[in-house]
Amino acid sequence: MGWPTPFSGPKIAYCGTFVNFFGMGIILPFLPFFVDSVEDDDNAATLWVGAIVTGQFVGVVIGSVIMGTVSDKLGPKLALLVALSGNVLFFALSALADTTLLFFLARLSAGTFTPVVPAEAWVIHSTSSENRADALGKFVASILGGFLLGTGSSVILGDLGIDAACYLSSAIAAVMLLVVFLSQEPEPLNGSSPSDPEKSKNSDRKNLYLVLSSKAWTSVALMNFTLGCTFGTAVTIPGLILKRDYDFNERETSLFYLATVSVMILANLLVYKKVLARLKPWKTYLLVCVFQSTMFLFGALSLWLSASEWPFLVTGVLAVMMNAFGVPTNSLVASRLADIRAIQDPSSNLIHGRVLGVTRGTFNIGQAVSPFISVAVFSLQFYAPFVFVSVLLWICLFNFLRVGSDEVNQTPEDFTVKEDITPKEEPKMSI
């Protein structure tokens with residue numbers, strides 16, 4: 001009857017993204033040393049470090065859309081196999097690159113084969129509507145955990161350098177590839193098979209357009225872009241400030257970033273589900289916008305008023321922690337909108353992968369462009385990056401207030417016709 005499939009459930013998706021971000025995180029401590037070893041000009045070396053990191057995120061933006069489409073057409077399992085195969089190949093080729101250009105191309109390609117969207121679709125398909133928020137919180141935690149463990153593993157490798165880091169990440173991705181191959185693919189939500197030839201491609205495009213043009217999704221996209229900017233700023237600017245104003249060394253700065261990611265993981269695993277259950281998505285967004293912008297502004301204010309580094313450290317950690325609430329809520333709302341279209345138009349194929357791919361891409365765009373913007377305005381005024389992200393958050397806040405809770409809090413259950421003696425009219429999705 002074919003190959004055995006002993007593995008199943010959303011944990012497969014968690015492991016897939018964990019492996020991918022492990023491969024991203026493990027090279028970062030070695031990257032400046034590798035670039036310095038092949039570039040004679042210090043200025044060129046600095047630019048190449050930024051270009052390589054940004055190039056991988058650009059690849060993720062492109063790959064999110066491509067892998068989302070593959071997931072819808074061929075199923076999340078095959079899409080995840082393709083993505084992990086690309087990780088195995090291009091993580092290994094990164095070790096063979098002997099110039100910055102070749103390394104850049106290898107990491108750009110590795111980013112294009114991102115397993116995040118197929119894994120996210122896997123989570124959506126393998127969890128019920130009631131358990132989806134908790135599953136997506138754990139999904140984000142797996143991303144952060146992979147990045148954290150990857151960065152920490154560089155300490156163990158020590159003098160073995162970036163080649164060993166690339167080979168190790170490729171080997172781990174190969175193991176995960178085998179696990180996914182032996183895994184049972186989750187059933188699609190509406191019971192249809194991917195790329196059903198009986199279903200209309202025009203209907204697919206129409207449904208995708210209706211979701212991506214809805215007030216709820218455009219609000220989510222703006223929020224996701226903003227959270228990408230807050231994350232990109234938070235991993236770029238604090239390190240410069242800690243070194244310049246508080247004389248932090250590399251170890252102390254690394255501990256700050258370690259604490260930040262650890263708090264985000266704990267927030268995902270222990271707090272997010274409770275917050276979402278009490279507040280629902282709309283109020284969760286309001287909380288994220290108000291609290292995160294306040295923490296960023298308090299952090300900037302502490303640089304003026306306090307000689308101690310602790311107010312800046314605490315506000316920085318708390319500000320970025322709110323991404324643990326905002327990012328999975330964005331995926332939750334986007335997936336619900338795709339669910340609703342599947343209910344309203346049963347004749348179409350599933351569009352979850354494409355919706356999640358574009359949604360995830362908005363975050364990666366913000367993550368890619370914000371370091372350059374933040375560094376540029378930081379050179380003018382030290383508080384300017386924090387004002388920049390705070391303004392974006394307040395724009396999101398006012399936009400959510402304008403859109404309203406009914407649009408953002410829509411669930412598939414609201415559009416499911418229940419059996420009743422009295423005929424009921426099916427509600428229409430506001431788009």
Side-chain angles (χ1 to χ4, degrees), residues 57 61 64 133 136-137 140 211-237 260 264 267-268 271-272 275-276 278-301 315-337 355-374 377 383-410 430-431:
F57 285 128
V61 173
S64 293
L136 288 172
V140 173
V211 170
L212 299 185
S213 62
S214 67
K215 294 179 181 178
W217 188 86
T218 52
S219 299
V220 165
L222 177 60
M223 186 66 183
N224 226 20
F225 172 79
T226 298
L227 292 176
C229 288
T230 63
F231 188 81
T233 300
V235 300
T236 305
I237 299 302
T260 301
M264 290 179 68
N268 275 130
V271 184
Y272 171 65
V275 170
L276 188 70
R278 176 177 289 271
L279 299 182
K280 307 302 181 186
W282 187 70
K283 289 185 179 179
T284 300
Y285 284 133
L286 301 186
L287 171 66
V288 171
C289 292
V290 173
F291 188 87
Q292 191 170 56
S293 62
T294 301
M295 290 298 102
F296 275 126
L297 292 176
F298 277 175
L301 193 61
T315 54
V317 170
L318 292 177
V320 183
M321 180 192 73
M322 299 309 293
N323 276 37
F325 299 160
V327 172
T329 304
N330 288 331
S331 296
L332 176 67
V333 173
S335 67
R336 284 177 174 177
L337 294 174
V355 171
L356 292 170
V358 179
T359 305
R360 178 65 60 176
T362 59
F363 178 87
N364 293 323
I365 291 172
Q367 196 175 31
V369 303
S370 57
F372 291 100
I373 298 174
S374 297
V377 298
Y383 58 82
F386 306 107
V387 174
F388 159 63
V389 293
S390 295
V391 168
L392 289 178
L393 287 164
W394 281 96
I395 291 174
C396 289
L397 174 66
F398 288 119
N399 183 61
F400 280 117
L401 292 173
R402 179 186 63 85
V403 171
S405 61
D406 291 343
E407 292 281 347
V408 178
N409 290 341
Q410 295 178 94
S430 300
I431 291 181

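Numbers here simply count residues along the sequence, with the first being 1.
In this structure, N268 has no side-chain hydrogen bond (donor to acceptor under 3.5 Å, both in side chains) partners at least two apart in sequence or on a different chain. Remark: R360 pairs with E120 by the salt bridge (charged side-chain N to carboxylate O under 4.0 Å, His left out) rule, at least two apart or across chains. Under the side-chain contact (heavy atoms from CB on, under 4.5 Å) criterion, L301 pairs with W304, L305, not counting sequence neighbours.
To the nearest 0.5 Å, the span separating CE on M264 from CZ on F325 amounts to 10.0 Å. L392 CG to T230 OG1: the interatomic distance, rounded to the nearest 0.5 Å, is 9.0 Å. For the atom pair CZ (F363) and CG (N330), the distance works out to 9.0 Å, reported to the nearest 0.5 Å. M223 CE to L397 CG: the interatomic distance, rounded to the nearest 0.5 Å, is 9.0 Å. Taking CZ of F386 as the start and OG1 of T315 as the end, the distance is 8.0 Å to the nearest 0.5 Å. In this structure, M322 CE and L393 CG are separated by 10.0 Å, a value rounded to the nearest 0.5 Å.
Taking all atoms of both residues into account, the shortest heavy-atom contact from L332 to S335 is O-OG, 2.8 Å. Considering all non-hydrogen atoms of both residues, A216 and L337 come closest at CB-CD1, 4.0 Å. Residues S370 and G232 approach most closely at OG-CA, 3.3 Å, considering heavy atoms. Across all non-hydrogen atoms, the minimal contact from V288 to G326 is CG2-N, 4.0 Å. Residue V377 comes nearest to P385 through the heavy atom pair CG2-N, 3.7 Å, listed as atom of the first residue, atom of the second, then distance. The minimum heavy-atom distance linking Y383 with A300 is given by the pair CB-CB, 4.0 Å.
In terms of modelled atom types and a separation under 3.5 Å, the side chain of N364 and the main chain of F57 share no donor-acceptor contact. Checked by atom type and distance alone, the side chain of N224 pairs as donor or acceptor with a backbone atom of T359 at under 3.5 Å. Judged by distance alone, with hydrogens and angles left aside, the side-chain atoms of W282 form no donor-acceptor pair with the main-chain N or O of D406 at under 3.5 Å.
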Practice task
Mind running side-chain contact (heavy atoms from CB on, under 4.5 Å) on V333 and Y285 for me, showing each step along the way?
Solution key: CA-CA 11 Å; V333 173; Y285 284 133; 3.7 Å; yes
Handout entry: Verdict with supporting geometry, Q292 and N323, side-chain contact (heavy atoms from CB on, under 4.5 Å)
Key = CA-CA 9 Å; Q292 191 170 56; N323 276 37; 2.8 Å; yes
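For the pair Y272/V327, no side-chain contact is recorded, criterion being any heavy-atom separation below 4.5 Å from C-beta on. Proximity of L401 to L286: side-chain heavy atoms (C-beta onward) are separated by under 4.5 Å at one or more points. Counting only heavy atoms from C-beta outward, the side chains of P281 and R336 approach each other to under 4.5 Å.
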